[in-house]
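Working notes, beginning with the structure itself.
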There are 2 protein chains.
Amino acid sequence: MATGRTHRPATRSRGIPEATVARLPLYLRALTALSERSVPTVSSEELAAAAGVNSAKLRKDFSYLGSYGTRGVGYDVEYLVYQISRELGLTQDWPVVIVGIGNLGAALANYGGFASRGFRVAALIDADPAMAGKPVAGMPVQHTDELEKIIEDNGVSIGVIATPAGAAQQVSERLIAAGVTSILNFAPTVLSVPEGVDVRKVDLSIELQILAFHEQRKAGEGAAAAAAAEASSVGGAAPAAAVVPPAGRAAAVARKGNPEGDVPAVMPA
Amino acid sequence: MATGRTHRPATRSRGIPEATVARLPLYLRALTALSERSVPTVSSEELAAAAGVNSAKLRKDFSYLGSYGTRGVGYDVEYLVYQISRELGLTQDWPVVIVGIGNLGAALANYGGFASRGFRVAALIDADPAMAGKPVAGMPVQHTDELEKIIEDNGVSIGVIATPAGAAQQVSERLIAAGVTSILNFAPTVLSVPEGVDVRKVDLSIELQILAFHEQRKAGEGAAAAAAAEASSVGGAAPAAAVVPPAGRAAAVARKGNPEGDVPAVMPA
DNA sequence: CAATCTTTGTGCACGCGTTCACAAAGGCAT
DNA sequence: ATGCCTTTGTGAACGCGTGCACAAAGATTG
């Protein structure tokens, strides 16, 4: 997965642990699938398997919601779907705006599942005047100048930022000033926002780098491990540390141009 | 951020805590920016601010790498960039394949930052025969039949799945069988993979749902809190629990069709 | 109606991650 | 050369999250 929440640990939301909240959508998805197959009840064991988690963890998670299971039987699928949906606030309508209609923004706009769970794309906004009026996903792109008006008129509280990194902070400030209090940020930047505003980040680059780290480890254990691996197992970083010249730096790394700092996680224009 | 890692807690990679690994790309980005501005050194305080974390946490993170800071001065930017890059395995070339060239897959293929940090798109793969040969991001899309050959010929170990949810599991199995050991999954499904394979998931829908949860809480605290909030503060779930009829279920929630279970986080086709 | 069997709900312990706070280290000025 | 001032590196405490393991609860069967 992507990176975790930024800023504002949100301590503990009304008694429901953050970790549990993050899993509820997972359970909901699995439950919805069961519901469509008209399965009446599920045991924690089955559902946990479907969601890819530990059954004890799942039971504990549900216990925070008030646990409506029946011992010896399991959980009522329909009822749980309702409970979780309500807890997540999915029983109401959430208008969202997408700012930055580049490659990624357009892809997001076309995302079908967007509308399904209570989320509705209220507007597509882009700073490029040439984009204004162009239909994307059956909806005309509007110019950034309209941002404030759109937010207020539609009562938007959730904004999606898919702009280049350079514009993200400013866009977030405008969104927040206009009333947005939750932001999903696809731009590769750390947004600094005031207290009370939630930001979640999705960053392809970071995900790949984390995978690369583990990938390198796997490879290192196999063959290359013997390369320079003098058993200096200080439990520390890596064996190569002793090989690297304390001054032989960035040559192989410091890449020219903008490494990726100026475009959102996904973006061409 | 998106959702966290799936399966395989990867215990603790060679002494570097997983949480630290997840932050290294963040530091690297901030350091790269400093490097481009030719800033020679940074203090943990400054860098931490740029990366949006606590300075003590940053220092501890760096201490796992072997800490190359100078007391009273700070860290050498260039050197740190190199160290982190090496630690993340970014000094080598990582060929990746993107499977599922729909809206999202295409957007990912066009992602500029992809190539910059050592990641190189080796191939674009799609199951639709009509897509075969079509150029996307200046590269011809290849048919799924070629998948195994492509993986092996290019020594690909990282795969990106951007297919509909229904195809994801099968695609992952083929990728893994062909030699892929790290997967970045954009499809809204839980992939079950064998030991040793790393999977990270990016799921727009889940992110939005988590934001909605917090958004609802914020709104609830303000006005609606008084609605049915009899001080039944059991520390449990929510006040509304007492309001919901124990049998009045899914009506408002169980949406028809496929809620979003069949398309990747972003995707039209 | 009683016994049995299944499955929930949770007390408890453990480990990771975060944060504080401070001693050690090193540069720099005098 | 000596002392001051800054900043690192880390010991220790704390809190969250996870998972085990089991008692309580209820359905089901005879």
Side-chain angles (χ1 to χ4, degrees), chain A residues 3-24 26-27 39-49 51-77 79-80 83 234-237, chain B residues 1 3-24 26-27 39-49 51-77 79-80 83 234-237 241:
Chain A
T3 340
R5 59 173 23 261
T6 328
H7 306 303
R8 225 138 325 294
T11 38
R12 170 169 281 204
S13 312
R14 182 74 62 77
I16 299 185
E18 190 59 29
T20 294
V21 173
R23 280 188 294 268
L24 290 182
L26 229 49
Y27 300 146
V39 176
T41 60
V42 252
S43 67
S44 61
E45 202 69 51
E46 296 170 312
L47 187 54
V53 302
N54 181 299
S55 69
K57 191 187 300 187
L58 179 143
R59 287 198 297 275
K60 185 153 292 189
D61 282 342
F62 284 175
S63 78
Y64 291 116
L65 304 183
S67 278
Y68 292 106
T70 306
R71 297 173 190 235
V73 179
Y75 299 90
D76 181 289
V77 173
Y79 187 55
L80 252 189
Q83 286 297 338
V234 268
Chain B
M1 38 227 94
T3 341
R5 59 171 29 259
T6 331
H7 305 304
R8 222 137 328 292
T11 38
R12 170 170 280 204
S13 311
R14 182 76 62 77
I16 299 184
E18 190 59 29
T20 294
V21 172
R23 279 188 295 268
L24 290 182
L26 228 49
Y27 301 145
V39 176
T41 60
V42 253
S43 67
S44 62
E45 202 67 52
E46 296 170 312
L47 187 53
V53 302
N54 182 299
S55 69
K57 191 187 298 186
L58 178 143
R59 286 198 298 277
K60 184 149 287 187
D61 282 343
F62 284 175
S63 78
Y64 291 116
L65 304 184
S67 278
Y68 293 106
T70 307
R71 298 174 190 234
V73 178
Y75 299 89
D76 180 290
V77 174
Y79 187 54
L80 212 42
Q83 286 296 338
V234 267

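Each chain gets a letter, A, B and so on, in the order its sequence line appears, and its residues count up from 1. Both backbone and side-chain heavy atoms feed into the values below; hydrogens, waters and symmetry mates do not.
The A/Glu18 side chain lies nearest to D/dG17 when the options are C/dT7, D/dG17, C/dT18. Out of D/dA21, C/dT7, C/dG9, the shortest distance to the side chain of A/Tyr75 is found at C/dG9.
Of the side-chain N and O atoms in B/Ser43, none sit less than 4.0 angstrom from OP1 or OP2 of D/dT7.
Residues passing the side-chain contact (heavy atoms from CB on, under 4.5 Å) test with B/Ala48 are B/Val53, B/Ser55, B/Leu58, sequence neighbours excluded. A search for salt bridge (Lys or Arg N to Asp or Glu O under 4.0 Å) contacts involving B/Arg59 returns nothing, not counting sequence neighbours. Under the side chain to side chain donor-acceptor pair (under 3.5 Å) criterion, B/Ser43 pairs with B/Glu46, sequence neighbours left out. Residues satisfying the ring-ring contact (aromatic ring centres under 6.0 Å, His included) criterion with A/Phe62, sequence neighbours excluded, are A/Tyr27, A/Tyr75. Taking the side chain to side chain donor-acceptor pair (under 3.5 Å) definition, one finds that A/Thr41 meets it with nothing, sequence neighbours left out. Residues passing the side-chain contact (heavy atoms from CB on, under 4.5 Å) test with A/Thr70 are A/Val73, sequence neighbours excluded.
In terms of position along DNA chain C, the nucleotide closest to A/Arg59 lies nearer the 5' end than the nucleotide closest to the other residue of the pair B/Arg59 and A/Arg59. Comparing A/Asp61 and B/Gly74 by the nucleotide of DNA chain D that holds the closest heavy atom to each, the one mapping nearer the 5' end is B/Gly74.
Between B/Pro17 and B/Gly15, the closest heavy-atom pair is CD-O, 3.3 Å.
Side-chain atoms of B/Lys60 stay outside donor-acceptor range of the base of D/dG9, with no qualifying N/O pair under 3.5 Å.
Following rounding to the nearest Å, B/Leu47 (CG) and D/dT7 (P) show an atom-to-atom distance of 14 Å. One can place CG of B/Asn54 at 12 Å from P of C/dA21, the figure rounded to the nearest angstrom. Nucleotide C/dT7 holds its P atom 16 Å from the CZ atom of A/Phe62, rounded to whole Å. The distance from atom OH of B/Tyr79 to atom P of D/dT8 is 16 Å, rounded to the nearest whole Å. What separates CD of B/Glu45 from P of D/dT8 is a distance of 8 Å, to the nearest Å. Rounded to a whole Å, the CD1 atom of B/Ile16 is 15 Å from the P atom of C/dC16. Across the protein-nucleic acid pair, B/Lys57 atom NZ and D/dA13 atom C1' stand 17 Å apart, rounded to whole Å. The distance between atom CG of B/Leu58 and atom P of D/dT7, rounded to the nearest whole Å, is 14 Å.
Two residues are said to be in side-chain contact when any heavy atoms from C-beta on lie closer than 4.5 Å; B/Val77 and B/Leu47 fail this criterion.
Terminal axes of the helix from C/dC1-D/dG30 to C/dT30-D/dA1 (five pairs each, C1' rotation axis) are separated by 10°, to the nearest 10°.
Under the salt bridge (Lys or Arg N to Asp or Glu O under 4.0 Å) criterion, no residue pair touches residues 62-74 of chain A, with sequence neighbours excluded.
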Its contact letters, B for base, S for sugar-phosphate only and - for none at protein heavy atoms under 4.0 Å, make nucleotides 25-30 of chain D read B-S---
